Number of protein chains: 2
Amino acid sequence: MPRAGLSPASVTEAGAALVDEIGFENLSMGLLAERLGVKTPSLYKHVASQADLAHRIAVLAMAELADAIRDATQGRSGKEALVAGAHAMRTYVAEHPGRYAAGNAAIITGPDDPLVPAIGRVLASWTAMLHGYRLDRDEEIHALRMLRSMLHGFSALEAIGSFQINTDVDDSFTWMLGFIDQGLKAKWPDLIPAH
Amino acid sequence: MPRAGLSPASVTEAGAALVDEIGFENLSMGLLAERLGVKTPSLYKHVASQADLAHRIAVLAMAELADAIRDATQGRSGKEALVAGAHAMRTYVAEHPGRYAAGNAAIITGPDDPLVPAIGRVLASWTAMLHGYRLDRDEEIHALRMLRSMLHGFSALEAIGSFQINTDVDDSFTWMLGFIDQGLKAKWPDLIPAH
DNA sequence: GCTAAAAGCTAATGGAATTAGCCAACCGAG
DNA sequence: CTCGGTTGGCTAATTCCATTAGCTTTTAGC
């Protein structure tokens with residue numbers, strides 16, 4: 001039999017595409033092997049285990065997400081950057097729910113886990129964006145955590161269909177970003193009225 | 001052999017306790033059976049399947065969470081209610097991560113799924129709390145979604161250990177709630193300056 | 001062309017969910 | 001108090017994966 005031309009990277013990519021279709025929790029080696037036109041045990045020549053595969057998908061996802069956010073916020077600042085970055089993230093999660101789920105399920109295995117720099121790049125993009133609001137050091141950390149919580153939470157709830165009411169979800173997202181922008185602007189030291 | 005005195009409710013409760021210890025994704029029928037001093041197949045006399053068990057745990061979790069939030073916000077209003085409710089939720093998730101994960105993984109099976117009223121009670125508590133801010137109808141829905149996103153996201157990120165930096169996470173939580181309170185107050189119609 | 005590593009395959013193992021079918025324990029009616 | 005049906009527990013069997021072992025073929029470099 002001719003070879004299939006697989007590699008750790010191509011298996012990971014196929015796995016990522018698969019989980020986006022069937023959901024991360026339904027990932028199975030058999031299904032992926034079938035997709036690749038290969039028998040299940042052959043996958044073990046490229047990834048160590050299903051857990052390893054899931055971890056590789058997670059790294060891929062975080063790296064892609066970091067790129068998407070960086071590209072979106074590139075050359076923008078203030079509310080424009082916030083909206084563009086947030087939109088990029090929401091779109092990414094909507095289009096790649098399985099990968100994103102893999103990213104969240106992943107556990108950092110050690111200090112040299114490639115997941116660390118990938119997540120670091122995501123955080124760096126948000127931090128750079130927040131710099132435009134000129135918060136002080138602690139507030140910037142709080143704001144970063146708030147932003148991450150909100151975006152992750154929104155995407156997660158949206159992904160599992162938790163927003164039922166008939167008010168448009170896009171409107172809510174836009175409203176939320178406006179709310180954040182206004183609140184952060186109000187913290188500009190220069191603008192705090194001395195009373 | 002004397003009987004173990006199990007029931008759907010007691011099996012569910014034991015399952016909930018188990019997932020809080022070992023994590024929802026590690027739930028197995030064998031482990032639960034062992035905990036209950038019974039052989040695996042016996043569990044099927046009380047729950048239909050592992051999926052059924054997970055769903056029951058989800059319902060339990062949402063009901064408990066609804067109670068916790070209701071109790072915390074009872075008799076309070078404004079920022080006090082917001083802080084108390086949010087704190088109750090964060091505490092609940094921290095103490096019962098497995099149950100909460102079950103609640104999020106659950107899928108609503110139909111219009112008479114008991115999960116529906118349970119989630120409804122959670123939302124009702126938040127909505128009641130938000131009424132204190134006197135938003136208009138659409139804004140209240142946006143604010144509700146924002147609040148849910150933020151609290152869910154914060155709890156989820158905290159649960160998987162995503163907040164690394166050495167700034168205190170409690171401080172961030174408190175800061176975030178203050179941020180929300182201030183922003184919502186700023187939307188009081190009475191206070192909007194006519195320009 | 002020759003050889004060693006890499007990549008597939010088949011067959012076997014082991015664990016977990018689930019089902020079938022058996023038997024003992026409980027509960028209520030007489 | 002005992003009889004009979006129902007309930008709840010058990011063992012054994014099935015199935016579905018993930019994973020491993022060991023064999024074979026392709027392929028890259030010489």
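Bear in mind that the values here come from a model prediction, so they are computed numbers and not experimental data. Chain naming here is simple, since letters A, B, ... match the order of the sequence lines and numbering starts at 1 in each.
Nucleotide dA16(C) holds its C1' atom 18 Å from the CE atom of Met29(A), rounded to whole Å. Atom P of nucleotide dG15(C) and atom CG of Leu31(B) are separated by 14 Å, given to the nearest angstrom. Rounded to whole angstrom, the span from the NZ atom of Lys45(A) across to the C1' atom of dT26(D) amounts to 12 Å. The distance between atom CG of Asn26(B) and atom P of dA17(C), rounded to the nearest whole Å, is 11 Å. In this entry the distance linking CD of Glu34(B) with C1' of dA16(C) reads 14 Å, nearest Å. Counting to the nearest Å, the P atom of dA17(C) and the CD atom of Glu25(B) are 14 Å from each other. The distance between atom CG of Leu53(A) and atom P of dA18(D), rounded to the nearest whole Å, is 10 Å. Atoms OH (Tyr44(B)) and C1' (dA13(D)) sit 14 Å apart, rounded to a whole Å.
Using a 4.0 Å cut-off between charged side-chain N and carboxylate O, Arg121(B) and Asp67(B) make a salt bridge.
The base of dG8(C) has none of its N or O atoms less than 3.5 Å from a complementary donor or acceptor on the side chain of Lys39(A). In this model, a side-chain donor or acceptor of Arg3(B) finds a partner on the base of dT7(D) within 3.5 Å.
Residue-level contact check: Ser49(A) touches the backbone only, with heavy atoms under 4.0 Å from sugar-phosphate atoms and none from bases. Counting any heavy atom pair closer than 4.0 Å across all strands shown, Gly37(B) reaches no nucleic acid atom.
Here the side chain of Pro41(B) is nearest to one of dG8(C), dG9(D), dT11(D), namely dT11(D).
Other residues, nucleotides and ligands contribute more than 12 heavy atoms inside 6.0 Å of the CD atom of Glu21(A).
An OP1 or OP2 oxygen of dT7(D) is reached within less than 4.0 angstrom by no side-chain nitrogen or oxygen of His46(B). Between Ser42(A) and dA7(C), a side-chain N or O to OP1/OP2 separation shorter than 4.0 Å is absent.
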(message) Apply ring-ring contact (aromatic ring centres under 6.0 Å, His included) to residues His152(A) and Tyr100(A) and explain how you reach the verdict.
(response) CA-CA 10 Å; His152(A) 171 65; Tyr100(A) 185 68; 5.8 Å; yes
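Using a 4.5 Å heavy-atom cutoff, the side chains of Arg90(B) and Val169(B) are in contact.
Applying side-chain contact (heavy atoms from CB on, under 4.5 Å) to Phe173(B) and the options Asp171(B), Leu177(B), Asp170(B) leaves one that passes, Leu177(B).
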